[in-house]
2 protein chains.
Amino acid sequence: MVDAPETARPKRADARRNEQAVLDAAAALFVSGGVDVPVRDIATKAGVGMGTVYRHFPTRADLVVAVYRHQVESCAEAGPALLADASSPKAALAEWVDLFVGFLVTKHGLASALRSDEGSAALHTYFLDRLLPVCADLLAAAANAGEVDPDVSAYELMRGIGNLCIGADTDPRYDARRLVRLLLAGLAPTGAS
Amino acid sequence: MVDAPETARPKRADARRNEQAVLDAAAALFVSGGVDVPVRDIATKAGVGMGTVYRHFPTRADLVVAVYRHQVESCAEAGPALLADASSPKAALAEWVDLFVGFLVTKHGLASALRSDEGSAALHTYFLDRLLPVCADLLAAAANAGEVDPDVSAYELMRGIGNLCIGADTDPRYDARRLVRLLLAGLAPTGAS
DNA sequence: TGCCAACCGGAACATCGCTCCGTATGGTGA
DNA sequence: TCACCATACGGAGCGATGTTCCGGTTGGCA
């Protein structure tokens with residue numbers, strides 16, 4: 001689990017090439033067909049065998065993580081920046097959540113894959129590892145500022161947001177962003193009235 | 001789609017018997033294994049062939065609908081009653097939503113199956129046909145009373161609630177009921193502050 | 001009792017995830 | 001330059017599941 005020792009022999013050239021080909025094929029198919037596209041299709045599009053796909057990415061989740069790693073990273077990095085720049089912690093939280101929602105709804109089926117349902121555990125874990133601390137910081141800052149009720153955990157909030165984003169594509173009558181806004185509004189201390 | 005003409009010849013006795021057996025088997029398996037239990041298992045448990053299951057219930061959704069029809073009906077009927085009895089329309093809405101959430105979270109995988117994702121379209125349709133008007137009435141009453149902002153459709157609200165219930169079983173850290181409460185709180189006119 | 005439409009059962013086909021192993025090849029040391 | 005072998009490849013194959021199809025069975029009526 002720790003970093004591989006730097007003495008690790010570099011991978012063979014064909015291996016590196018194939019890994020990239022799979023990554024590219026997966027990225028393309030994810031856009032057009034969602035993250036549930038059959039592994040066979042990815043292998044075919046990449047011009048490799050299925051064994052090769054599974055060797056480089058033991059589970060579908062590993063592949064999804066690899067494809068979206070950059071975007072998740074930048075979403076994670078945006079958290080502290082927003083907190084520093086925004087007019088209030090709650091505003092920062094709202095902006096960050098909007099970023100997160102935007103990321104989820106544009107990736108067909110990603111939100112669905114995020115529910116822990118064993119199988120995509122690695123995906124779930126990665127998202128949580130990377131984004132939960134960011135969300136927790138924003139939430140804590142807002143709570144400290146008295147702008148939100150501190151009785152909801154960041155975990156619960158993130159899962160709720162993720163769930164609200166399920167099926168947000170493919171259904172014009174369903175606007176996940178609006179519902180997420182409502183959820184955030186509900187975080188206001190002691191509600192309204 | 002209209003009622004079958006009453007001139008329809010009654011089904012054969014064995015057909016009726018088998019339909020009931022499938023229904024019973026499905027109900028039992030849904031409780032223990034969720035609504036995604038393999039059709040083969042249902043057929044085996046009911047002591048019939050798979051062809052029989054598919055003949056009586058062309059899609060899994062039809063079977064799910066048949067199994068839960070009574071509970072959906074009583075949930076639908078509770079709406080007007082709550083509106084008549086509760087102290088305020090918003091309170092009635094909250095109680096009814098709680099009823100709905102309770103129904104969803106206790107049926108493993110039902111909430112997941114509810115997202116329109118073609119395949120369980122019949123399920124989605126049935127729930128919407130039956131419950132959406134009820135929810136819409138409650139929502140409209142609350143809006144008329146000035147207790148909620150009228151800019152969210154009942155459809156959106158129901159889908160949001162359904163989504164929030166996904167995975168609510170199987171994860172002790174995730175309390176769908178609390179998040180749904182937050183969502184409802186967010187409906188308060190012009191927010192808090 | 002005999003007939004036939006309705007109904008049954010489960011084999012068969014299709015899809016998909018994942019594994020396994022015989023084969024091919026990149027890179028290295030001689 | 002060449003031979004060797006660890007590394008990597010490819011895709012057949014297995015198990016699970018959804019769904020269809022058709023030959024055989026049977027309930028209900030004349």
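Residue numbering restarts at 1 for every chain, and letters A, B, ... go by the order of the sequence lines. Excluded from the calculations below are hydrogen atoms, water molecules and symmetry mates; all remaining heavy atoms, backbone and side chain alike, are included.
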Practice task
Return the set of residues passing side chain to side chain donor-acceptor pair (under 3.5 Å) with A:Lys107 (not counting sequence neighbours), or none when no residue passes.
Solution key: A:Gln71
Problem - Separation of C:dG9 C1' from B:Ile42 CD1 (nearest whole Å) - result: 17 Å
Would you be so kind as to tabulate the donor-acceptor pairs closer than 3.5 Å made by side chains of residues 91-105 of chain B, with sequence neighbours excluded?
{"from": "B:Trp96", "atom 1": "NE1", "to": "B:Cys75", "atom 2": "O", "distance (Å)": "3.0"}
{"from": "B:Asp98", "atom 1": "OD2", "to": "B:Arg177", "atom 2": "NH1", "distance (Å)": "3.1"}

Exercise for the section: Would you give the length of the straight line joining atom CG of A:Leu157 to atom CG of A:Leu184, rounded to the nearest 0.5 angstrom? Expected result: 6.5 Å
Problem - Beyond-backbone contact of B:Leu63 with B:Tyr68, side-chain heavy atoms, under 4.5 angstrom - result: no
Atom pairs and distances, side-chain donor-acceptor, residues 25-38 of chain A, under 3.5 Å, sequence neighbours left out:
{"from": "A:Ser32", "atom 1": "OG", "to": "A:Ala28", "atom 2": "O", "distance (Å)": "3.4"}
{"from": "A:Ser32", "atom 1": "OG", "to": "A:Leu29", "atom 2": "O", "distance (Å)": "3.4"}

Exercise for the section: Determine, for nucleotides 10-21 of chain C in 5'-to-3' order, which nucleotides have protein heavy atoms under 4.0 Å from the base (write B), from only the sugar-phosphate (write S), or from neither (write -). Expected result: BBB---BBBB--
Handout entry: side-chain N/O A:Asn18 vs D:dC9 OP1/OP2, d < 4.0 Å
Key = yes
Completion exercise
With sugar-phosphate taken as primed atoms, P, OP1 and OP2 and all else as base, the protein-contact string of nucleotides 25-30 of chain D at under 4.0 Å (heavy atoms; B, S, -) is -BSS--
Practice task
Decide yes or no for B:Arg55 and B:Glu19: does some side-chain heavy atom of the first lie under 4.5 Å from some side-chain heavy atom of the second?
Solution key: no
Practice task
In whole angstrom, give the distance that lies between atom CD of A:Gln20 and atom P of D:dA8.
Solution key: 16 Å
Practice task
Tell me, please, which residues at least two apart from A:Arg17 pass salt bridge (charged side-chain N to carboxylate O under 4.0 Å, His left out).
Solution key: none
Exercise for the section: Could you check if a side-chain atom of B:Ile166 sits within less than 4.5 angstrom of a side-chain atom of B:Leu114, using non-hydrogen atoms only? Expected result: no
Handout entry: side-chain N/O A:His56 vs D:dA8 OP1/OP2, d < 4.0 Å
Key = no
